[in-house]
Trainee: 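Questions regarding the structure given below will be posed in turn.
No hydrogens, no waters, no symmetry mates; every other heavy atom, side chains included, goes into these values. For ligands, and for the atoms within them, numbers begin at 1 and follow the listed sequence. Keep in mind it's a predicted model, so treat the numbers as computed, not measured.
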Amino acid sequence: MVSRRFAVGRRCSMDTFPPFSRLRWSPVRRRRGCVPAHDPLRRPAGRVEPQLDYLAMTSNWTVPGEAVSPVRHPEAPAPGESIPAHWHGCFGCRGTGDGGLGLDVRAGEGAEVTGEIVVDPAFEGGPGVIHGGVLSSVFDEVMGFSAKLLALEVVTAHLEVDFRSPVPVRSALTVRARVDGVLGRKLYASAEVYVNGAAAPAGSARALFITIDQAVHFRDLVGNSTRI
Ligand SMILES: CCCCCCCCCCCCCCCC(=O)SCCNC(=O)CCNC(=O)[C@H](O)C(C)(C)COP(=O)(O)OP(=O)(O)OC[C@H]1O[C@@H](n2cnc3c(N)ncnc32)[C@H](O)[C@@H]1OP(=O)(O)O
């Protein structure tokens, strides 16, 4: 709780103490009571704030009961083998030297895959941690690869991510993903990310992929590519 005496535009010693001086809205500043005049987190007088239950905002995604178990294609890469890129122009498939994520995704048992990535400093969001959008891309890509074990062409229709703990840049990430169920053209997938071999996941994701016919889906879009 920020006291009224310190709440408006008070400069504090942290203004001159990098790196805090750059973090205008940081929780540290809020705790110390040095909150800029236009702090977006301040409550306008008289306004009733909704009481959000943040835990209820974590994923409650469930696979429909009618979904069937995924069937691995007989010619899918064997467990432990690398799964080839689905498109050389893909940001998720390209190496970091080529502006991509630098993911290595390997087949596991059944419809499970494991992706490995070292978080390039270029992927920084907050100071020293991965950008949440980049981590979402990692999840999207690794879950998408699980569809390749079924030899299906898919695009993402829905993606949701829970960020449980910060993921440092330069850390080694292991992403475990799998197709949980298939219902017509719909593939339900899930994944977790582990930092530097930790036992507890730092985040998790759920996605819905829809099978497509690549030739039809990208027919009128492929001309936009700079990588043909
Ligand atoms: C990059 C790609 C390479 C492809 C090569 C393959 C390689 C394999 C490895 C892939 C690894 C890639 C991993 C990254 C993949 C991306 O990041 S893809 C890029 C982001 N995604 C997109 O651009 C997709 C944009 N959306 C679309 O094009 C269209 O909405 C879709 C997804 C094709 C669906 O459209 P549609 O074909 O007309 O089908 P539609 O009838 O609307 O939906 C089918 C069913 O899904 C349900 N549905 C659709 N959207 C939703 C939703 N958001 N929520 C819930 N249900 C939904 C519908 O209700 C319907 O249900 P049923 O009626 O069958 O029960």
Trainee: Could you tell me the residue and atom name of the protein heavy atom closest to atom 8 (C) of ligand 1, and the distance to it rounded to 0.1 Å?
Mentor: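 Checking every protein heavy atom, the shortest distance to atom 8 (C) of ligand 1 gives K148 CG, 3.7 Å.
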Trainee: Applying side-chain hydrogen bond (donor to acceptor under 3.5 Å, both in side chains) between S204 and each of E192, E160, R164, report the one that passes.
Mentor: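 In the set E192, E160, R164, the residue that makes a side-chain hydrogen bond (donor to acceptor under 3.5 Å, both in side chains) with S204 is R164.
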Trainee: Should the heavy atoms of other residues, nucleotides or ligands under 6.0 Å from CD of E109 be counted, would the total exceed 12?
Mentor: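 Not more than 12 within 6.0 Å, no.
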Trainee: Does atom 63 (O) of ligand 1 have a protein non-hydrogen atom under 4.0 Å from it?
Mentor: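 No, because not a single protein heavy atom sits under 4.0 Å from atom 63 (O) of ligand 1.
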Trainee: Numbering the atoms of ligand 1 from 1, which are under 4.0 Å from a heavy atom of L208?
Mentor: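 Listed by number with element, the hits are 51 (C), 54 (N), 55 (C), 56 (N), 57 (C).
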Trainee: Taking 4.0 Å as the limit for heavy-atom contacts, which would you say applies to F218 with ligand 1: side chain only, backbone only, both, or neither?
Mentor: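 For F218, the contact with ligand 1 is made by the side chain alone.
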Trainee: Which of the listed options, L221, D213, T156, holds the heavy atom that is closest to atom 20 (C) of ligand 1?
Mentor: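 Residue with the shortest heavy-atom distance to the ligand atom: T156.
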Trainee: Does H86, at its NE2 atom, have more than 12 non-hydrogen atoms belonging to other residues, nucleotides or ligands within less than 6.0 Å?
Mentor: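 Yes - once you tally the heavy atoms of other residues, nucleotides and ligands closer than 6.0 Å, there are more than 12.
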Trainee: Take atom 15 (C) of ligand 1 and look for protein heavy atoms under 4.0 Å from it; say yes if you find one, no if not.
Mentor: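 It does; a protein heavy atom is within 4.0 Å.
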Trainee: If we only consider heavy atoms of H217, is any one of them less than 4.0 Å away from an atom in ligand 1?
Mentor: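 H217 counts as a contact of ligand 1 under the 4.0 Å cut-off.
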Trainee: Just need the protein heavy atom nearest to atom 46 (O) of ligand 1, so name the residue and atom and give the distance.
Mentor: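 Atom 46 (O) of ligand 1 sits closest to the protein heavy atom I210 CD1, 3.1 Å.
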Trainee: Starting from atom 17 (O) of ligand 1, which protein heavy atom do you reach first, and at what distance in Å?
Mentor: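 The protein heavy atom lying closest is D140 OD2, 2.8 Å.
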Trainee: Is K186 reaching over with its side chain to a backbone N or O of A67, donor-acceptor style, under 3.5 angstrom?
Mentor: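 Absent.
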Trainee: Report the distance from atom CG of N224 to atom CZ of F218, rounding to the nearest 0.5 Å.
Mentor: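 Reported to 0.5 Å precision, the distance equals 11.5 Å.
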Trainee: Under 4.0 Å from atom 38 (O) of ligand 1, can you find at least one protein heavy atom?
Mentor: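 No, because not a single protein heavy atom sits under 4.0 Å from atom 38 (O) of ligand 1.
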Trainee: Check D180 against S190 and note the closest heavy-atom contact, atom names and distance.
Mentor: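 Closest heavy-atom pair between D180 and S190: OD2-OG, 2.7 Å.
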Trainee: For atom 41 (O) of ligand 1, what is the nearest protein heavy atom, given as residue, atom name and distance?
Mentor: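 For this ligand atom, the closest protein heavy atom is R185 NH1, 4.2 Å.
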Trainee: Nearest non-hydrogen contact with atom 52 (C) of ligand 1 belongs to which option: P64, A157, G184, A85?
Mentor: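 Going through P64, A157, G184, A85 one by one, A157 has the nearest heavy atom to atom 52 (C) of ligand 1.
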Trainee: Parallel, tilted or perpendicular: which one describes the rings of H158 and W61, with boundaries at 30° and 60°?
Mentor: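 Rings of H158 and W61: parallel, under 30°.
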Trainee: Quick check: do F123 and T96 have side-chain heavy atoms less than 4.5 Å from each other?
Mentor: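 Side chain of F123 against side chain of T96, heavy atoms only: contact under 4.5 Å found.
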Trainee: For atom 4 (C) of ligand 1, what's the nearest protein heavy atom and its distance?
Mentor: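 Of the protein heavy atoms, V154 O, 3.3 Å lies nearest.
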Trainee: At their closest point, which heavy atom of A78 faces which heavy atom of A107, and how far apart are they?
Mentor: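 Nearest heavy atoms, A78 then A107: O-CB, 3.5 Å.
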Trainee: What distance do R206 atom CZ and T62 atom OG1 have between them, rounded to the nearest 0.5 Å?
Mentor: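 Spacing of CZ (R206) from OG1 (T62) equals 10.0 Å.
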Trainee: Counting N and O atoms only, with roles assigned by atom type, does the side chain of R94 sit under 3.5 Å from a partner on the main chain of G89, one being a donor and the other an acceptor?
Mentor: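 Yes; judged by distance alone, with no hydrogens or angles, the pair exists.
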Trainee: Looking only at protein heavy atoms, which one is nearest to atom 61 (O) of ligand 1, and how far off is it?
Mentor: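 Here the closest protein heavy atom is K186 NZ, 3.3 Å.
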Trainee: Under 4.0 Å from atom 58 (C) of ligand 1, is there any protein heavy atom?
Mentor: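 No, no protein heavy atom sits under 4.0 Å from atom 58 (C) of ligand 1.
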Trainee: Please state which protein non-hydrogen atom is closest to atom 31 (C) of ligand 1 and give its distance, to 0.1 Å?
Mentor: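 Ranking protein heavy atoms by distance from atom 31 (C) of ligand 1, first comes V155 CG2, 4.5 Å.
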Trainee: Protein heavy-atom contact under 4.0 Å for atom 43 (O) of ligand 1?
Mentor: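 No, there is no protein heavy atom closer to it than 4.0 Å.
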Trainee: In ligand 1, which numbered atoms sit nearer than 4.0 Å to a non-hydrogen atom of Q214?
Mentor: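 Selected atoms, number and element: 5 (C).
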Trainee: My question is simple, although I want it checked carefully: is atom 55 (C) of ligand 1 less than 4.0 angstrom from any protein heavy atom?
Mentor: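 Protein heavy atoms within 4.0 Å of atom 55 (C) of ligand 1 - there is at least one.
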Trainee: At less than 4.0 angstrom from any non-hydrogen atom of E153, what atoms of ligand 1 do you find?
Mentor: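 Here the atoms of ligand 1 in question are 6 (C).
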Trainee: Considering heavy atoms of the protein only, find what lies nearest to atom 7 (C) of ligand 1 and give residue, atom and distance to 0.1 Å.
Mentor: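 So the nearest neighbour among protein heavy atoms is H86 CB, 3.5 Å.
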Trainee: Using distance alone, determine whether H158 and ligand 1 share an N or O pair under 3.5 Å.
Mentor: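 Between H158 and ligand 1 (N or O atoms, distance only) the closest approach is not under 3.5 Å.
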Trainee: Determine whether more than 12 heavy atoms belonging to other residues, nucleotides or ligands lie under 6.0 Å from atom CD of E81.
Mentor: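 Enclosed.
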Trainee: List the atom of A191, the atom of V175, and the distance in Å for their closest heavy-atom pair.
Mentor: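 Closest approach of A191 to V175: CB-CG1, 4.2 Å.
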